[in-house]
Asks: 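I am attaching a structure below and will ask some questions about it afterwards.
Since we're looking at a predicted model, the values are computed, not measured. For the numbers below, each heavy atom of this structure counts, side chains included, while hydrogens, waters and symmetry mates do not.
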Amino acid sequence: MTTRDLTTDELTRFGVTLEDEGPHAFDPAVEWWNESWFWDWFDAAGTRAGHCRIGLHPNQGRAWIWFYSYADGEWIALEEPRLPLSALKLPELAYDGWGLRFSWEASHPLRLGRFRFEGFGRVLSGPRTGMILPLGADLDVRAAGPPHSPGRANAPGHSSSSYPASRFEQPIEVSGRLRAGGEWQDFAGRGERDHSWGPRAWNLEWTFLAVSASDVRLQCAEARIPDVGRFPGGYLQRGETQTVREVTFDVSLDE
């Protein structure tokens with residue numbers, strides 16, 4: 001698996017800067033100011049996948065992490081919403097305490113980084129449902145295209161007039177090792193990552209879709225805010241990345 005050699009001009013064509021890889025200034029007057037990073041990944045066979053999101057709430061003095069692992073029909077999940085923000089090492093986004101550790105090392109901002117995680121999660125499906133098992137990830141994350149940003153946030157409850165508030169999504173290629181209850185196993189696949197910062201009033205309907213194939217990458221979302229309206233958008237990468245400005249979802253869920 002190879003990654004395109006992206007130039008700095010390509011990486012920043014949607015207004016994202018190399019400095020946007022790290023934490024941003026926040027408005028001390030906004031209780032629900034949030035800065036978050038997430039990564040997700042899956043293999044070509046569709047038998048193994050995972051997702052991790054780390055959110056910082058600086059005005060509440062806490063961090064919130066969740067980690068989901070899928071392997072051979074079994075889901076394992078960890079959620080810890082009240083880690084003390086003072087225990088995180090920034091800007092490395094690293095934590096180590098009480099059987100939980102994680103870190104994000106962006107050795108080449110927007111191009112290459114290493115995500116590591118170890119903890120214990122609860123099995124949510126399959127014959128081991130209810131058990132607490134070890135989870136782990138040690139993954140090299142490589143850009144498979146430029147980070148896409150819609151620019152400065154303008155949705156009510158997500159924008160700020162005094163501080164930068166924005167986000168970016170980026171297609172990625174992933175390789176390394178995963179652990180889900182047993183021994184560490186080698187992994188290679190594709191996925192998506194996101195970095196978001198600003199006020200976050202989540203009392204809204206939010207639909208998010210990411211597609212990652214060898215010849216096409218797609219991310220699109222639609223937010224519906226009561227009494228305000230809808231906010232669609234995303235990107236499509238087929239060769240060159242283009243902005244998606246209109247989205248229509250026709251999705252059904254079969255559990």
Side-chain angles (χ1 to χ4, degrees), residues 16 19-41 49-69 75-107 109-110 113-122 124 132-141 147 149 153 157-160 162-170 172 174 176 178-180 191-204 206 208 221:
V16 182
E19 290 74 23
D20 283 329
E21 184 73 70
H24 294 77
F26 60 91
D27 187 342
V30 178
E31 179 185 7
W32 284 98
W33 189 281
N34 170 89
E35 181 151 18
S36 64
W37 293 254
F38 84 60
W39 305 262
D40 58 42
W41 55 88
H51 173 92
C52 183
R53 181 185 185 273
I54 301 169
L56 311 183
H57 297 281
N59 293 320
Q60 299 177 24
R62 68 184 175 106
W64 184 343
I65 181 171
W66 62 63
F67 186 100
Y68 292 94
S69 169
W75 282 100
I76 308 176
L78 173 148
E79 182 176 21
E80 176 48 72
R82 295 198 174 275
L83 292 177
L85 192 61
S86 59
L88 266 69
K89 183 180 179 181
L90 298 173
E92 292 86 351
L93 199 65
Y95 175 86
D96 187 349
W98 302 99
L100 174 64
R101 61 178 59 91
F102 55 82
S103 65
W104 168 242
E105 302 172 52
S107 56
L110 306 184
R114 185 180 183 185
F115 169 69
R116 287 182 282 189
F117 172 92
E118 287 187 74
F120 294 87
R122 185 177 297 276
L124 303 181
I132 304 295
L133 298 175
L135 289 170
D138 187 351
L139 301 171
D140 290 324
V141 178
S149 175
H158 287 241
S159 59
S160 172
S162 304
Y163 289 79
S166 188
R167 74 177 196 274
F168 67 79
E169 290 86 17
Q170 186 175 31
I172 55 176
V174 180
L178 296 173
R179 185 185 187 189
E192 184 83 7
R193 76 172 185 131
D194 170 284
H195 185 186
S196 173
W197 57 96
R200 291 297 178 261
W202 285 118
N203 185 24
L204 52 84
W206 180 269
F208 180 94

Asks: May I ask you to test the Trp39-Ile54 pair for a side-chain heavy-atom distance under 4.5 Å?
Replies: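 With C-beta onward as the side chain, the pair touches.
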Asks: Show every donor-acceptor pair shorter than 3.5 Å between a side-chain atom in residues 77-94 and any protein atom, with sequence neighbours excluded, or say none if there are none.
Replies:
{"unit_1": "Glu79", "atom_1": "OE2", "unit_2": "Trp64", "atom_2": "NE1", "d": "3.0"}
{"unit_1": "Glu80", "atom_1": "OE2", "unit_2": "Arg82", "atom_2": "N", "d": "3.0"}

Asks: Hey, do the aromatic rings of Tyr163 and Phe26 have their centres closer than 6.0 Å?
Replies: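 They do not qualify: ring centres at least 6.0 Å apart.
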Asks: Does any non-hydrogen side-chain atom of Leu178 lie less than 4.5 Å from one of Trp41?
Replies: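 Answer yes - side chains close enough.
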Asks: Among Tyr95, Phe115, Trp37, whose ring-ring contact (aromatic ring centres under 6.0 Å, His included) with Phe102 holds?
Replies: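 For Phe102, the ring-ring contact (aromatic ring centres under 6.0 Å, His included) check succeeds only for Tyr95.
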Asks: Just wondering, do Leu56 and Trp33 contact through their side chains at under 4.5 Å, heavy atoms?
Replies: no
Asks: Is the number of heavy atoms from other residues, nucleotides or ligands under 6.0 Å of Arg53 CZ greater than 12?
Replies: yes
Asks: Within the side chain of Asn59, is there an N or O that forms a donor-acceptor pair under 3.5 Å with the backbone of Asp27?
Replies: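 Yes; judged by distance alone, with no hydrogens or angles, the pair exists.
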Asks: Before accepting this row, confirm whether a basic side-chain N of the pair Asp138/Arg114 lies closer than 4.0 Å to the acidic partner's carboxylate O.
Replies: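 The answer is yes: the pair qualifies as a salt bridge.
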Asks: For residues Trp32 and His57, establish whether the separation of their ring centroids is below 6.0 Å.
Replies: yes
Asks: What distance separates Tyr68 OH from Leu135 CG, expressed to the nearest 0.5 Å?
Replies: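 Going from OH on Tyr68 over to CG on Leu135, the span is 12.0 Å.
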Asks: Does Trp98 have more than 12 heavy atoms from other residues, nucleotides or ligands lying within 6.0 Å of its CH2?
Replies: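 Count not over threshold, so no.
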Asks: Is the backbone N or O of Gly198 less than 3.5 Å from a side-chain atom of Glu35, with the two atoms forming a donor-acceptor pair by type?
Replies: no
Asks: Does the side chain of Gln60 come within less than 4.5 Å of Glu31's, by heavy atoms?
Replies: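 Yes. Closest side-chain heavy atoms under 4.5 Å.
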Asks: Under the rule for salt bridge (Lys or Arg N to Asp or Glu O under 4.0 Å), what residues qualify as partners of Asp96, not counting sequence neighbours?
Replies: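 Result, salt bridge (Lys or Arg N to Asp or Glu O under 4.0 Å) vs Asp96: Arg101.
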Asks: Is any side-chain heavy atom of Ile172 closer than 4.5 Å to one of Asp40?
Replies: no
Asks: Output all residues satisfying side chain to side chain contact (heavy atoms under 4.5 Å, CB included) with Val16, sequence neighbours left out; order by chain, then residue number.
Replies: Asp20, Leu110, Pro147, Ser149, Phe168
Asks: Kindly give the heavy-atom pair with the smallest separation between Pro199 and Ser159, and that separation in Å.
Replies: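 In this case the closest contact between Pro199 and Ser159 is CG-O, 3.3 Å.
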Asks: Hey, could you give me the OG/CD1 distance between Ser69 and Ile76, rounded to the nearest 0.5 Å?
Replies: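 If we round to the nearest 0.5 Å, Ser69:OG and Ile76:CD1 are 5.0 Å apart.
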Asks: Between the side chains of His51 and Trp66, does any donor sit under 3.5 Å from an acceptor?
Replies: yes
Asks: Just wondering, do Leu100 and Phe117 contact through their side chains at under 4.5 Å, heavy atoms?
Replies: yes
Asks: Which atoms form the tightest heavy-atom contact between Arg167 and Trp197, and what is the distance?
Replies: CA-CZ3, 4.0 Å
Asks: Would you say the side chain of Leu204 lies within less than 4.5 Å of the side chain of His158, judging by non-hydrogen atoms?
Replies: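 Of all side-chain heavy-atom pairs linking Leu204 with His158, at least one is under 4.5 Å.
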Asks: Do side-chain atoms of His195 reach the backbone of Phe38 as a donor and acceptor pair under 3.5 angstrom?
Replies: no
